[in-house]
Structures are given as structure tokens and as C-alpha cells.
Protein chains: 2
Amino acid sequence: MLTIKEIAEMANVSRSTVSRFLNDSGYVSEEARKRIDKVIKETGYIPSEHAKSLRTKKTKVIGVILPTIHTETSSKIVAGIDNELAKQGYQILLANTNLDKEKEIEYLDLLKVRQVDGIILVATNTEERLVKKVQEMNLPIVIIGQHMPGVTSVVYDDFHASKEITNYLVEKGHKKIAFIGVDETDRSVGYFRKKGYYSAMNEHRLEVNSTWVQTAIFDIDSGYKAMKRILTKSSILPTAVFAVTDRLAIGAMSYLKEQGLIVPDDIAVASIGASEISRYVDPSLTTVDYHNEMAGKQAAKQILAIISKTEYQEKILLNYRLIIRNSV
Amino acid sequence: MLTIKEIAEMANVSRSTVSRFLNDSGYVSEEARKRIDKVIKETGYIPSEHAKSLRTKKTKVIGVILPTIHTETSSKIVAGIDNELAKQGYQILLANTNLDKEKEIEYLDLLKVRQVDGIILVATNTEERLVKKVQEMNLPIVIIGQHMPGVTSVVYDDFHASKEITNYLVEKGHKKIAFIGVDETDRSVGYFRKKGYYSAMNEHRLEVNSTWVQTAIFDIDSGYKAMKRILTKSSILPTAVFAVTDRLAIGAMSYLKEQGLIVPDDIAVASIGASEISRYVDPSLTTVDYHNEMAGKQAAKQILAIISKTEYQEKILLNYRLIIRNSV
DNA sequence: AGCTAATGTGGAATCGATACCACAAAAATA
DNA sequence: TATTTTTGTGGTATCGATTCCACATTAGCT
């Protein structure tokens with residue numbers, strides 16, 4: 001590989017001069033400039049980023065830790081991050097945990113070793129150990145999707161979004177509303193969305209039958225099964241169901257159809273996510289748009305601000321938008 | 001940051017010894033080993049990857065260039081790659097071209113500068129300049145999705161998949177079959193899939209009305225518009241349509257529904273992709289499963305084989321599977 | 001005992017860049 | 001003309017690791 005030394009020799013200057021030329025730091029005469037430029041163009045020389053980072057301690061790489069890469073939410077977030085970072089010449093080093101909480105912690109170290117300039121963590125939980133680790137990282141870091149004390153974060157307004165969509169179901173005349181959620185260790189999706197649902201139900205003095213509330217994991221099939229449990233175990237059948245993600249809602253609808261029930265006439269379905277297909281399932285899904293790309297974009301902006309030590313907010317609360325379609 | 005020098009001092013040995021300990025190269029006495037181990041555990045020292053790569057010329061990072069990150073295909077491929085690479089302690093440096101062909105070439109250089117150990121390119125075209133660049137890279141590289149002479153590649157069997165699904169439509173009694181494709185500079189999705197379609201039509205001596213063949217781009221809305229063009233411009237209406245991707249098919253179905261046409265009774269729809277939602281649209285989509293995760297996995301295996309100089313094939317042709325559902 | 005081989009250790013060069021500093025020449029100012 | 005400033009250049013230390021080599025000590029074998 002070509003090095004700065006060879007370029008220097010070929011252009012008849014010192015390594016220092018070439019370096020100054022490359023970084024536009026300090027004086028370089030017009031003559032020298034031309035010679036160096038010519039040699040570099042001819043040889044196609046590109047300086048080694050590693051040597052550079054070794055000295056400067058900067059890599060222009062941001063580590064991104066994802067719980068899973070093949071969901072629409074994740075890829076939209078990454079797209080948002082990437083767009084913003086690319087503008088500044090930063091790149092993404094990807095770490096996929098596959099929903100393994102242990103790896104979330106592990107990868108923080110791994111990325112640090114790679115000397116990334118910062119880390120964006122799309123978090124699924126707020127376990128003690130993770131929070132502690134994050135706080136001790138001593139490296140610019142931004143969390144997406146969960147609140148952590150003292151850590152810069154970009155969060156969705158899960159409580160209010162959830163409450164609003166439940167309210168909407170009530171407005172539409174539903175009194176018996178079921179809920180498909182996920183484990184509460186996921187504070188945002190699990191805990192706050194459930195709280196929003198209960199809060200709305202309480203305010204309207206509506207009863208929540210315990211069999212109406214089911215816990216699922218994140219895939220479509222799990223939504224199917226949860227809906228099945230609701231229908232088979234409940235003595236009083238609900239007239240509406242709110243699922244915390246689109247995928248769960250799609251699974252639920254799939255079971256309802258199988259049972260010959262009509263959505264929304266027999267049972268209304270609503271969810272959160274606004275995935276692309278939510279428009280194309282039949283009936284189209286009433287859901288909440290969370291602006292995932294915006295989340296990625298904001299997180300990227302924050303991390304760049306932290307790195308460049310310009311001002312940044314500690315907490316960014318994203319807004320959301322209710323999308324009314326035909327499933328309610 | 002902690003360096004090897006400090007560890008050496010604290011453990012009362014030389015840097016060489018610490019290095020030998022870390023890499024299990026050469027002799028280290030039991031005593032020294034214990035002392036070093038203790039110091040490292042206590043301090044939480046982690047060696048700098050940059051310094052390491054500077055000397056060893058290895059980074060354990062693979063660059064992945066994607067045309068777009070927020071499609072299911074892409075994220076599945078990346079998931080496949082990631083799974084395989086993670087086993088060997090490799091990580092992914094992501095580069096997203098946003099379908100910009102210029103960037104595809106640019107990123108090859110950019111990743112090289114970062115001294116990645118290899119590159120996996122999910123290609124959308126086989127333009128002269130790109131091919132030339134790839135061949136000149138002088139770095140382990142694997143292409144997914146397109147054929148390139150002299151370059152290791154993992155490809156789908158577009159021609160036969162396309163032919164088979166067209167044949168299936170014919171078997172089902174359709175004689176007037178429309179086609180929604182994409183630009184032919186995308187050899188795989190654009191050119192070969194179209195060829196497969198024509199080949200099947202020819203073999204059955206079926207006529208192809210020119211208005212039946214429409215070109216779209218990759219999103220759902222574009223499928224909608226293409227379907228609209230087919231219906232509005234054709235004097236003889238087709239009884240089936242084959243779209244080269246699920247998203248296009250979903251767009252097409254959405255238009256058909258809007259027009260009050262019943263799928264599959266009035267018009268049958270088939271496509272390629274087997275995206276998760278293809279099961280959940282109504283009617284569920286007859287499509288071809290391309291095993292995208294497998295593509296990623298194979299590409300990762302190939303690149304690791306090239307790096308470690310073990311044996312590898314120049315071309316891997318993936319198999320596919322027809323999934324028969326209700327849209328035909 | 002005498003000699004080769006195995007075991008252990010540290011010094012120093014090296015990877016490819018940056019950055020500080022000394023110094024020379026030319027230009028600007030007194 | 002003398003002196004300060006500006007412009008331009010190269011030498012050298014440095015970043016944090018690895019690796020080769022020299023050298024010492026211990027063990028193993030006639």
C-alpha cells in the first residue's frame with residue numbers, strides 16, 4: 001500500500017509538507033502544492049484511516065446497536081441515522097444484538113475498542129446493569145426509545161400515543177377494549193403503552209376484564225396467538241382490541257379473519273407503528289405514526305452535537321400522529 | 001486511555017511480554033501470566049484496535065454496501081451476513097447508497113480507506129465502471145444479486161424463478177398475462193426476470209400485448225400506477241399479472257381493489273419476494289421465496305473463505321421456492 | 001561436567017499518519 | 001539598513017500496538 005512517505009519522496013518534499021497539504025494545516029507553497037497534487041492524482045494515494053485515528057483519536061465512525069435488524073422500525077431508524085451522518089462524512093458500524101440483552105452490554109465495549117466516536121443505542125430495556133454501563137461509558141452516547149437518567153435520549157411519547165388511540169376507540173363507541181402488549185421490562189413498548197391504555201380506560205370508567213389483556217412477543221404469529229387467547233378465554237368478548245405494534249395487530253386480524261369475524265364490524269383493531277404495509281392489509285389499519293426516520297435523524301444530530309461540543313438537549317420527545325383508516 | 005505500556009509497568013514486565021500474553025504468541029511464564037492477568041482484570045484494559053490494525057493490517061471489519069436499507073430484502077440480507085460474521089468476531093461497517101449508482105463506486109473506495117478486510121456489495125446494476133472498479137479493488141469482495149465476470153458472487157436464479165411463476169399462471173389457465181418489471185440496467189430484477197417471463201410466454205405460444213408490460217420503480221405506489229396503466233391502456237385486458245417484487249404486486253392489488261376488481265377471480269396476481277406481509281395481505285400473495293438471509297449468510301461465508309484463503313466457489317446460485325397462496 | 005535445546009524476557013524497530021518545533025528565506029515594517 | 005513578521009520546509013517525537021532478535025536462564029541429554 002502507498003504511504004505518505006512514498007508520496008513525499010515522489011513529490012520531493014517532506015512527509016510533513018504532504019500532511020499539511022492533506023489537512024490544509026499550515027503553509028504549503030504553490031509549487032509544492034502542485035507537485036503533491038499531481039503525485040496523489042497519479043498514484044491514487046489514499047491516507048490510512050487507522051494511522052490517522054491512532055494519532056488524532058477520531059474515527060468518523062458511529063457505532064449503532066440494534067435489537068434486531070429486520071424490522072421496519074429498525075431499518076427506518078438506521079436510514080435516518082445514516083442520512084444524517086453521511087452528510088458529515090461519518091459512517092455506521094453496525095452491531096445487532098438479536099434481542100439478546102447480554103449482547104447489548106457486550107457491544108458497548110466492543111464498539112469502544114473500535115474507538116468509535118460515539119454510540120447510538122436503540123434500547124429495548126432499562127436494566128440496572130445496562131444503565132450503569134451506559135453511564136460509565138465515557139463516550140458520546142444517545143439512546144433511542146428508552147428513558148435513562150443522565151443519558152441523552154430520543155424517545156417516543158408512548159404513554160400519550162397509547163392513551164390517545166385507546167380514547168379514539170372509546171369515542172367510536174367501544175367499551176370493551178382488549179389489549180395485546182409485550183413484556184414490561186421493555187419500558188417503552190411494554191410498560192408505558194400498557195399504562196396509557198389503562199389510563200384511558202380508567203378515565204372513562206371502563207372495566208378491563210383480565211383475560212382481555214395478553215402479553216406477546218414481537219412477531220406476527222405471536223399477535224395471532226394472543227388474539228386467540230383473548231377470544232377463547234374471555235367470557236365477555238371485547239368489541240375492540242389495541243395491539244402495541246402493527247405486527248401484533250396484523251397477527252390478531254389474521255386470527256379474527258380465520259374465525260370468520262369481520263374487522264371492524266365485529267371487532268375493531270388499532271395499533272402503533274404505521275408500518276408501510278399497515279396501509280395495505282385488509283381492512284387498512286388504524287395506527288399511530290411514530291416517525292422512526294426522524295428518531296434516527298435526531299439521534300444522529302444529537303451525537304454529532306455532543307461530539308462537536310455544541311449545544312444539545314438531554315431529552316427529545318418525538319411527536320406522533322394518529323392515522324385513521326378502516327380497521328376501527 | 002490505558003495502554004499496553006502502562007499495563008506492562010504495573011505488572012512489572014515489558015510491553016513485549018504483555019503482547020505475547022494477549023496474543024498467546026511465544027513464551028510467557030506462569031508467574032508473569034498471573035500478574036498480567038490480574039492487572040488487566042483490575043484495570044479493565046482493552047487493547048486499541050487501531051494500533052493493532054496499523055501493525056497487523058487486519059481489522060475484523062467487513063464493509064457492506066446496500067442500495068437501500070429500509071426494505072425487507074436488504075435487512076434480511078444484512079441479518080444473514082451479520083449472523084455469520086458475528087460467529088467469527090467480525091463486524092459490519094455499513095454503507096447505504098440510497099440507490100445512487102455513483103455512491104456505489106465511491107463507497108468501495110471509502111471502505112477500502114477504512115481498511116476493511118473485505119466488502120460485500122449488494123448490487124443493483126452491472127455498469128461498466130462499477131464492474132471495472134470491483135475487479136480492480138484488490139481486496140476480498142463478494143457481490144450479492146448480480147453476475148460479474150471474475151468476481152465471487154451469490155446470485156438468485158431470476159430467470160428460472162420468473163419463468164416458473166409465469167408457467168404456474170399458465171397452468172392455472174391464464175393466457176393473457178401482464179408484467180410489471182423494473183429498469184433493465186438492474187440485470188437481475190429488471191432483465192432476467194423479464195426474460196423469464198417472455199420465455200415462458202413464448203414456449204406456450206402466448207401473445208404479449210405491449211401495453212401489458214410496464215416498467216416501475218421499487219415502491220408500492222409505483223406498482224399501483226403500473227397496474228393503472230395496464231388497465232387503462234389495454235384494449236384487451238389481461239387475466240393475470242406478474243410483478244417482479246412483492247411491493248409492486250401489493251401496489252397493483254391495491255389499485256385493482258380500488259377499481260372493484262376481485263383478486264384472483266377477475267385478475268390473478270403473483271410476484272417474487274416472499275416478504276413477511278405477503279402472507280397477510282388479502283388475498284394472500286402467491287410469490288417466490290428467495291431466501292435472502294441465506295444469500296447474506298453465503299456471502300459472509302464466501303468472504304471469510306477468501307480472507308482465510310480456504311476454498312470457495314466463484315458463483316453460488318441460490319435456490320428458490322414457489323409459495324402458492326390465494327392471489328392466483 | 002559439558003553442550004545443545006527449550007523457555008522466558010526485554011529492547012528496539014516498525015506500521016502510517018500528525019504535530020510541534022527549529023530554522024531559513026522572503027517580505028514587511030521601522 | 002536593521003529588525004520584525006510572514007511564509008515555507010523538514011526533522012523528529014508520538015500515537016499503541018506487534019514482532020524480530022539478542023540474550024539470559026533453566027532443563028535435558030550424552
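This is a predicted model, so every value here is computed, not measured. Proteins get letters first, then strands, A, B, ... in listed order; numbering begins at 1 in each.
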Give the rounded distance in Å between these two atoms: [atom1] of [X] and [atom2] of [N].
X	N	atom1	atom2	result
Lys58(B)	dC15(C)	NZ	P	16 Å
Glu30(B)	dT7(C)	CD	P	14 Å
Ile4(A)	dC15(C)	CD1	C1'	13 Å
Lys57(A)	dT18(C)	NZ	P	14 Å
Arg20(A)	dC21(C)	CZ	P	14 Å
Leu22(A)	dG16(C)	CG	P	15 Å
Glu9(B)	dG10(C)	CD	P	12 Å
Lys52(A)	dG16(C)	NZ	C1'	11 Å

Given DNA chain C, 5'-ward residue of the pair Arg33(B) and Ala51(A), judged by closest heavy atom: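 Counting from the 5' end, the first nearest nucleotide belongs to Arg33(B).
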Quick check on DNA chain C: between Arg55(B) and Arg35(B), whose nearest nucleotide comes earlier from the 5' end?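 First, find each residue's nearest nucleotide; the 5'-ward one identifies Arg35(B).
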Among residues 39-49 of chain A, which contact DNA chain D at a heavy-atom distance under 4.0 Å?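 None, since no heavy atom is under 4.0 Å.
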Quick one: do the [X] and [Y] side chains pair a donor with an acceptor below 3.5 Å?
X	Y	value
Gln146(A)	Ser188(A)	yes
Thr17(B)	Ser14(B)	yes
Tyr290(A)	Asp158(A)	yes
Gln91(B)	Asp82(B)	no
Asn83(A)	Asn98(B)	yes

Thr310(A) side chain to Ile306(A) backbone, donor-acceptor under 3.5 Å: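 Flag not set: sc Thr310(A) to bb Ile306(A) has no pair under 3.5 Å.
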Using modelled atom types and a 3.5 Å cut-off, is there a donor and acceptor pairing between side-chain atoms of Arg15(A) and backbone atoms of Ile4(A)?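 Checked: no pair found.
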Would you confirm whether the ring centroid of His147(A) sits within less than 6.0 angstrom of the ring centroid of Tyr156(A)?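 That pair fails the under 6.0 Å test.
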Where chain B begins and ends its contact with DNA chain D, read 5' to 3' at 4.0 Å from heavy atoms: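 Footprint of chain B along DNA chain D, 5' to 3': dG16(D) to dT19(D).
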If the plane angle is over 60° it's perpendicular, under 30° parallel, otherwise tilted; pick one for His50(A) and His50(B).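 Judged by the thresholds at 30° and 60°, the geometry between His50(A) and His50(B) is tilted.
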Under 4.0 angstrom between [X] side-chain N/O and [N] OP1 or OP2:
X	N	value
Ser16(B)	dT9(C)	no
Lys5(A)	dC15(C)	no
Ser29(B)	dT9(C)	yes
Tyr27(B)	dT7(C)	yes

Before you tell me yes or no, could you show the steps for Val116(B) and Tyr90(B) under side-chain contact (heavy atoms from CB on, under 4.5 Å), namely the whole-Å CA-CA distance, both residues' side-chain angles and the distance that decides it to 0.1 Å? CA-CA 10 Å; Val116(B) 295; Tyr90(B) 279 76; over 6 Å; no
Electrostatic pair Glu128(A)-Lys132(A), nearest N-O below 4.0 angstrom: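 Not counted as a salt bridge, because no side-chain N and carboxylate O are separated by less than 4.0 Å.
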Assess Arg33(B) against Phe21(B): is NZ or CZ under 6.0 Å from the centre of the six-membered ring, and within 45 degrees of the ring's axis?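 No.
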Touch class at under 4.0 angstrom, heavy-atom based, for Thr3(A) against every strand present: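 Sugar-phosphate: the residue Thr3(A), judged by heavy atoms under 4.0 Å, touches backbone atoms but no base.
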Please give the angle, rounded to 10 degrees, between the axes at the start and the end of the helix from dA1(C)-dT30(D) to dA30(C)-dT1(D), where five pairs define each axis.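 For the helix from dA1(C)-dT30(D) to dA30(C)-dT1(D), the axes at either end differ by 40°.
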Can you find an N or O donor on one side and an acceptor on the other, under 3.5 Å apart, linking the side chain of Thr17(B) with the base of dG8(C)?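 It does not, because no donor-acceptor pair links the side chain of Thr17(B) to the base of dG8(C) below 3.5 Å.
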